[in-house]
Amino acid sequence: MKKKISLLLMTFVFGLLPFVGSVSADPVTYHPSLVHKDGAMAYEHMQYLADEIGPRVAGTDNEREAARYIQGQFERMGLETDVQEFNYSGTKDSSNVVAYKEGKSTKQIIVGAHYDSVSSGVGVDDNASGVGVLLETAEVLKNIKTPYSIVYIAFGAEEVGLQGSKYYADQMTEKEIKNTIGMINLDSLAAGDQMYVYGNAGEDGFIRDQALDIADKKKLDVETNPGLNPYYPAGTTGDWSDHAPFKAKGIPYGYLEATNWEIGDLDGYQQTVKHGEIWHTEKDTLAFIEEEFPGRIQEHLSTFSTLLTDLLKFMNKTSTSK
């Protein structure tokens with residue numbers, strides 16, 4: 001999740017390991033009716049990652065357990081699934097869990113969310129919420145012929161310098177980069193006061209613009225960064241989450257997040273008026289967020305799931321030059 005830019009210089013990927021499919025146990029199953037209520041399946045995934053597994057610090061057994069859980073969910077959906085192992089800092093191991101859904105076109109959209117967390121709290125907001133929406137959307141769309149193929153990625157080791165997304169982006173060939181319409185990042189969706197979507201400046205911000213059009217038509221309470229801080233122009237955000245390595249490769253991005261750009265230093269770090277930051281604190285638990293912001297998690301997961309599903313179903317209805 002968000003960190004000051006200097007933290008992105010902490011560590012770099014050294015090991016280059018191939019895709020390796022790991023063996024997973026029988027996946028956790030949920031009642032299929034949950035998929036018909038926006039946000040309900042996302043909530044179950046979020047709760048499992050946060051409360052059943054707990055803090056998912058990069059390189060730990062809990063992070064590996066979360067990767068196995070996500071792999072099992074993708075496989076249960078019938079998606080082509082791989083685990084991309086990588087090493088960082090020379091001694092640390094993590095993995096990206098990657099699932100592929102064929103669309104009408106071989107051109108692809110990448111949808112990603114990191115599954116690791118910090119040690120404080122249990123990472124409900126940051127970022128079990130993003131993984132929950134990713135998994136729910138994959139389930140909703142599994143039998144729908146989307147205009148573009150979709151690559152779903154659960155990134156490992158985001159909290160220690162975007163290691164998973166950096167590794168994945170660095171392994172992409174020039175052909176894959178040119179074949180990628182855009183990357184949609186899901187990070188910290190549950191706790192912030194307001195729901196946002198960001199994107200590139202200029203014409204490459206088409207994912208954000210289409211998301212705002214969908215939100216307007218469906219009366220979803222989603223807006224974009226108002227641009228009160230000149231360092232972060234309206235509609236954009238900082239390079240502090242898993243969209244950044246793809247943006248650096250020239251891939252347009254969209255980024256869904258819940259925070260508050262109108263308080264504190266106007267940089268989106270202070271998520272709430274009532275409690276300030278939730279991410280990276282002991283407050284990032286389901287019990288705390290539910291008690292202090294009743295109904296917020298359900299509203300946010302429902303809204304973001306609806307928005308992401310429609311984005312992926314109608315992404316070809318844009319004026320992008322891709």
Side-chain angles (χ1 to χ4, degrees), residues 16-30 32 34-35 41-42 44-45 48-49 63-86 93-116 130-158 164-186 242 245-246 249 251 254 305 308-309 311-316 322:
L16 298 180
L17 299 175
F19 275 91
V20 178
S22 65
V23 177
S24 58
D26 291 339
V28 177
T29 58
Y30 300 99
L34 289 172
V35 81
M41 185 72 84
E44 295 295 325
H45 291 307
Y48 189 94
L49 287 165
E63 193 201 30
R64 286 185 282 275
E65 183 179 350
R68 288 192 293 270
Y69 172 81
I70 296 163
Q71 179 187 359
Q73 293 305 309
F74 283 142
E75 291 175 344
R76 178 183 59 78
M77 297 174 205
L79 297 174
E80 179 184 333
T81 306
D82 284 291
V83 177
Q84 185 187 42
E85 309 282 354
F86 62 90
D93 295 313
S94 186
S95 61
N96 297 323
V97 186
V98 185
Y100 181 79
K101 180 200 179 302
E102 184 179 0
K104 295 178 182 178
S105 169
T106 57
K107 286 186 175 294
Q108 66 181 24
I109 298 169
I110 294 171
V111 184
H114 74 89
Y115 64 91
D116 65 312
V131 177
V133 169
L134 182 148
L135 290 173
E136 175 172 301
T137 302
E139 185 113 33
V140 170
L141 294 177
K142 66 181 181 181
N143 295 320
I144 295 175
K145 206 68 173 176
T146 51
Y148 299 115
S149 298
I150 304 172
V151 181
Y152 300 105
I153 311 174
F155 297 113
E158 186 266 1
S165 52
K166 284 180 179 178
Y167 185 82
Y168 186 91
D170 284 345
Q171 303 313 300
M172 294 179 74
T173 65
E174 285 301 316
K175 182 178 179 181
E176 288 173 323
I177 291 170
K178 290 179 180 178
N179 193 53
T180 302
I181 297 297
M183 188 274 178
I184 302 175
N185 181 36
L186 316 172
D242 287 315
F246 299 92
K249 300 287 183 183
I251 297 172
S305 293
L308 180 60
T309 298
L311 265 175
L312 295 172
K313 285 168 66 176
F314 306 113
M315 183 62 72
N316 59 331
K322 283 277 185 179

Rounded to the nearest 0.5 Å, what separates atom [atom1] in [X] from atom [atom2] in [Y]?
X      : Y      : atom1 : atom2 : result
Ile153 : Asp82  : CD1   : CG    : 11.0 Å
Thr146 : Lys313 : OG1   : NZ    : 10.5 Å
Leu141 : Leu312 : CG    : CG    : 6.0 Å

Return yes if a side-chain donor-acceptor contact under 3.5 Å exists between [X] and [Y], otherwise no.
X      : Y      : result
Glu102 : Ser149 : no
Ser95  : Tyr115 : yes
Arg76  : Gln73  : yes

What's the shortest heavy-atom distance between [X] and [Y], and which atoms?
X      : Y      : answer
Phe155 : Gly112 : CE1-CA, 3.7 Å
Glu139 : Val35  : CG-CG2, 3.5 Å
Ser165 : Pro245 : OG-CG, 3.5 Å
Ala169 : Lys249 : O-CE, 3.5 Å
Lys101 : Ile144 : NZ-O, 2.6 Å
Gly130 : Leu186 : O-CD1, 3.6 Å

Expected output: side-chain [X] to main-chain [Y] donor-acceptor under 3.5 Å:
X      : Y      : value
Asn179 : Thr106 : yes
Asp116 : Glu158 : yes
Lys107 : Pro147 : no
Glu63  : Ser94  : no
Glu136 : Met41  : yes
Asn96  : Gly164 : yes

Hey, are the side chains of [X] and [Y] touching, using non-hydrogen atoms and a 4.5 Å cut-off?
X      : Y      : answer
Ile184 : Met315 : yes
Ile251 : Met172 : yes
Phe246 : Thr180 : no
Glu176 : Val151 : no
Val131 : Tyr69  : no

Item to check | Test applied, side-chain contact (heavy atoms from CB on, under 4.5 Å); reference residue, Tyr152; option that passes from Val111, Ile70, Leu135 | outcome: Val111
Item to check | Plane angle bin for Tyr30 and His45 - parallel if under 30°, tilted between 30 and 60°, otherwise perpendicular | outcome: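 Answer is perpendicular, since the angle exceeds 60°.
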Item to check | Criterion side chain to side chain contact (heavy atoms under 4.5 Å, CB included) on Thr173 and Lys178, from CA distance to verdict | outcome: CA-CA 9 Å; Thr173 65; Lys178 290 179 180 178; over 6 Å; no
